[in-house]
Amino acid sequence: MKKTLPFQLSKDRSFFESLGDWMGDVLYDELPEKGFECRDEQIFMAYQIEKALKEKNVLFAEAGVGTGKTIAYLLPAISYARYTGKPALIACADETLIEQLVKEAGDIFKLQNYLDIKIDVRLAKSRNQYLCLKRLEDAQKSGDNDYFLEEIEDLVPDFVYGHSSLQKIYPYGERSQYPGVSDEDWQKVNYHPTQQCTVCDVRNRCGQTIHRQNYRESSDLIICSHEFLMEHIWTKESRIREGQLPLLPEVSMTVLDEGHLLEFAAQKALTYEIQSETLVRLLERIMVDGVREKTLYLMERLQETHDELFSLIRKGSAAQDTERKTIDKTNSLIETCKKAIRITDDLLEEFVFESELFTIPEYELRMVEEFLEQYSFSLRLFTEKGDGVEWLEIIDGHETLIIMPRLVTDILNEKLFSSKMPIVFSSATLSIQKDFTYIADSLGVEKFQSFSVASPFDYDEVMNIYVQNVEQESKANQVQELLKEKQQTLILFKSKSAMDMFRSSITVSNDIVFEGERELSTIVKEFQNGAFSTLCSYHLWEGLDLPEEALTRVIIFDLPFPPVDPLFEAKRKFSNNPFEEVDLPFMLLRLQQGIGRLIRTSSDEGEIHILLNAEEAMLEDRFTNILPTHIIR
């Protein structure tokens, strides 16, 4: 049912005129009466978004830390959703930032309480954020006595295994429900792309299915990650052709929070992955009694060729200081790929006969068939000479061949930015010195509105920035010296490997927690509550909102340049000046984001420490002009 607007409409005034009047009352009067600061930058942003809604344009809304960006876009978004009868979509950079947005005492919570309006907000998380009952069952059968399974089993609702028609069904099974489970263990039981949900016998009791049904009914806001939005866009047409609902319903507008990260989510959503272990594991599941001899022979040949394929990939991959390893596409590797494709195609033909014999359970057969179709398609992309980017990476503990498109600009332009739907990019860092060319070109945005407003904070009064020249091998010792002064400290690393090297070179204590040890939003909550004093992360450069004493120091361990890996090498290859057009803009945007974690409210204060090795120190004059205050030596 369509919900009422938070203001009255009249015959002599349009929706947008009435919206403008209401936002003025809220931002100038109602919220300041409740203790909020009246910020000109926030009010300006809200009215710029109103203009973008009216004209159905793309808007780059760059507003400094402390502007109150979330409230500035929530007011018009909720109103527009109710006016159009379609929910507004807010896409965050990752799942952790989703939790930040809906946390108790967050901006949505405050608006509900202070304006006395009930906001219907529901979360649409990526599929790997949900428990898979089939994989949980497999893990239980493995007999490894994994204690993490007990935490998960205890929280599975009774209706999942019960048969009473009167049981109340409710959403369950999302990653944040299991705070004590490590990322590594979660990968054993979460949704995996090989699972065949359409023919799964427990589909109607699956937490992911129930969550999907739940958020589709939202009348105000749906919040998802950039990655999930991109997956929705890429799969929408194919899902409709197959008689399935798209992952997301029709929405009235889209807000891309931390929108400068959208390009990477778009590339990831178009990525094809082949894991070394998956094919072997799946084929073994269907090698059951009664399978025809020819089918078994082809399965064995494919396993052998697959092992040979990964052996060649492994042999030709270049080790680098990154999770991604470049692959040498030798003639021998290409020929082995073609051999695997031929065997796969022959095997798929044999499965047609096997399906008529009903020897292999339908669920298992469908799962293997879909996997092999994607396997064959991915290897064909790998063997072609196109604009793809390929590398080898360890994912969930397994060697994985990644095949990704180099550019997504044309696809984004066609499927997202050419629509008549208003799209708002919201971030403190969308431009380089108020020039939005870099992000617009990276995303294929041809026509847009933009504005840039500074932070309202007096950084000279509340922030000290210390730049220290330190040899790379001495940085860990320098950090340990800093940590002797007990403060709530966030240490930011440019990559997971950089964080892991730091961890291996220090004495780890209970007072230092690293990203990945447990579910990340749970770690952030514990850090905010003072359960430990130091949080090490390579993801939390943006979106982390910890006011006052919850965070008083940020240490930038390295300048956050992009890695020397195949993806960025492809971007550099197609650039006239790679350092100026790829590396430096990326680093400057990310550095600004990292510094922005410290001061979140007018009562915050603290210090930033930037550690520079000899090579980084030579670039100091390239980033000093984007710092919010002067450097202290």
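In what follows, residues are counted from 1 in the order of the sequence shown. Hydrogens, waters and symmetry mates play no part in the numbers below; they use all other heavy atoms, side chains included.
Between F557 and F493, the ring planes are tilted. Angles from 30° to 60° get that label. By the 30° and 60° cut-offs, the orientation of the rings of F514 relative to F502 is tilted.
Y73 and D257 form a side-chain donor-acceptor contact under 3.5 Å, judged by distance and modelled atom types alone. Between the side chains of S427 and H260, at least one donor N or O lies within less than 3.5 Å of an accepting N or O. In the model, S442 has no side-chain atom that pairs as donor or acceptor with a side-chain atom of Y438 under 3.5 Å. Side-chain contact annotation: Q592 with T429, donor-acceptor N/O pair under 3.5 Å absent.
Side-chain atoms of S126 do not come within 3.5 Å of backbone N or O of N128 as any donor-acceptor pair. With hydrogens and angles disregarded, a donor-acceptor distance shorter than 3.5 Å links the side chain of Q488 to the backbone of F527. Remark: side-chain polar atoms of T552 are not paired, donor with acceptor, to backbone N or O of A550 under 3.5 angstrom. N413 contributes no side-chain N or O that, together with a main-chain N or O of T409, makes up a donor-acceptor pair within less than 3.5 Å. Put simply, the side chain of W186 never gets that close to the backbone of Y178: no donor and acceptor are under 3.5 Å apart. At distances below 3.5 Å, not a single donor-acceptor pair connects side-chain atoms of E471 with backbone N or O atoms of N613.
Residue pairs that meet the side-chain hydrogen bond (donor to acceptor under 3.5 Å, both in side chains) test with at least one member in residues 474-484, sequence neighbours left out, are Q472-K475, K475-D558, K475-E616, E481-K484. Listed by first and then second residue, the salt bridge (charged side-chain N to carboxylate O under 4.0 Å, His left out) pairs that reach into residues 435-459 come to none, sequence neighbours excluded.
At least one side-chain heavy atom of E542 sits less than 4.5 Å from a side-chain heavy atom of R590. For the pair Y466 and I631, the minimum side-chain heavy-atom distance is 4.5 Å or more. At least one side-chain heavy atom of E258 sits less than 4.5 Å from a side-chain heavy atom of Q593. Residues P456 and T67 meet the side-chain proximity criterion, which asks for heavy atoms closer than 4.5 Å. Considering only heavy atoms from C-beta on, I327 comes within 4.5 Å of L401 through its side chain. For the pair H226/L261, a side-chain contact is recorded, criterion being any heavy-atom separation below 4.5 Å from C-beta on. Contact of the D604 side chain with the V462 side chain is not registered, since no non-hydrogen atoms from C-beta on lie closer than 4.5 Å. Annotation: side chain of I595 is in contact with side chain of M463 (closest heavy-atom distance under 4.5 Å).
Atom OG of S497 and atom OH of Y538 lie 10.0 Å apart (nearest 0.5 Å). Between atom CZ of residue F532 and atom OG1 of residue T489 there is a gap of 11.5 Å, rounded to the nearest 0.5 Å. Once rounded to the nearest 0.5 Å, the distance linking CZ of F457 with CD of E605 reads 12.5 Å. Taken to the nearest 0.5 Å, the CD atom of Q449 stands 11.0 Å off from the CD1 atom of I49. Atom CD1 in I403 sits 9.0 Å away from atom OG1 in T271 (nearest 0.5 Å). To the nearest 0.5 Å, atom CG of residue L490 and atom CG of residue L598 are 9.5 Å apart.
Salt-bridge formation is not detected for the pair E393/K325: no Lys NZ or Arg NE/NH1/NH2 atom is positioned less than 4.0 Å from an Asp or Glu carboxylate oxygen. Salt bridge annotation for E227-R127: absent, with no cationic side-chain nitrogen under 4.0 angstrom from a carboxylate oxygen. Contact check on D583 versus R572 returns a salt bridge, with a Lys/Arg side-chain nitrogen under 4.0 Å from an Asp/Glu carboxylate oxygen. The pair R518-E526 meets the salt-bridge criterion, with a side-chain N (NZ, NE, NH1 or NH2) lying under 4.0 Å from an Asp/Glu carboxylate O. Using a 4.0 Å cut-off between charged side-chain N and carboxylate O, R600 and E548 make no salt bridge.
The side-chain hydrogen bond (donor to acceptor under 3.5 Å, both in side chains) check on S452 picks up E62, with sequence neighbours excluded. S504 meets the side-chain contact (heavy atoms from CB on, under 4.5 Å) test with no other residue; sequence neighbours excluded. With sequence neighbours left out, A72 forms a side-chain contact (heavy atoms from CB on, under 4.5 Å) with Q42, M45, A46. In this structure, the side-chain contact (heavy atoms from CB on, under 4.5 Å) partners of L619, at least two apart in sequence or on a different chain, are F561, F579, R622.
Because its NZ or CZ atom is not both nearer than 6.0 Å to the ring centre of F228 and within 45° of the ring axis, K125 does not count as a cation-pi partner of that residue.
With V554 as reference, L492 is the one residue of I610, I599, L540, L492 to meet the side-chain contact (heavy atoms from CB on, under 4.5 Å) rule.
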- Task: Please assess K486 against D511 for the test salt bridge (charged side-chain N to carboxylate O under 4.0 Å, His left out), listing each intermediate value before the final yes or no.
- Result: CA-CA 10 Å; K486 292 292 183 181; D511 213 31; 3.1 Å; yes
- Starting from the C-alpha separation in whole Å, work towards a yes-or-no answer on side chain to side chain contact (heavy atoms under 4.5 Å, CB included) for N57 and K51. CA-CA 9 Å; N57 281 337; K51 180 182 177 183; over 6 Å; no
- Query: Where do R503 and E515 land on the salt bridge (charged side-chain N to carboxylate O under 4.0 Å, His left out) test, with the steps shown first?
  - Reply: CA-CA 11 Å; R503 173 163 34 188; E515 177 182 341; over 6 Å; no
- Query: Can you check side chain to side chain contact (heavy atoms under 4.5 Å, CB included) on I506 and I512, steps first, answer last?
  - Reply: CA-CA 10 Å; I506 66 166; I512 303 177; 4.0 Å; yes
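Atom CD of E549 is surrounded by 12 or fewer heavy atoms from other residues, nucleotides or ligands within 6.0 Å. Within a 6.0 Å radius of CD in E615, other residues, nucleotides and ligands contribute 12 heavy atoms or fewer.
Taking the centre of each ring, F425 and F60 come in below the 6.0 Å mark.
The two residues F310 and I274 make their nearest non-hydrogen contact at CZ-O, 3.3 Å.
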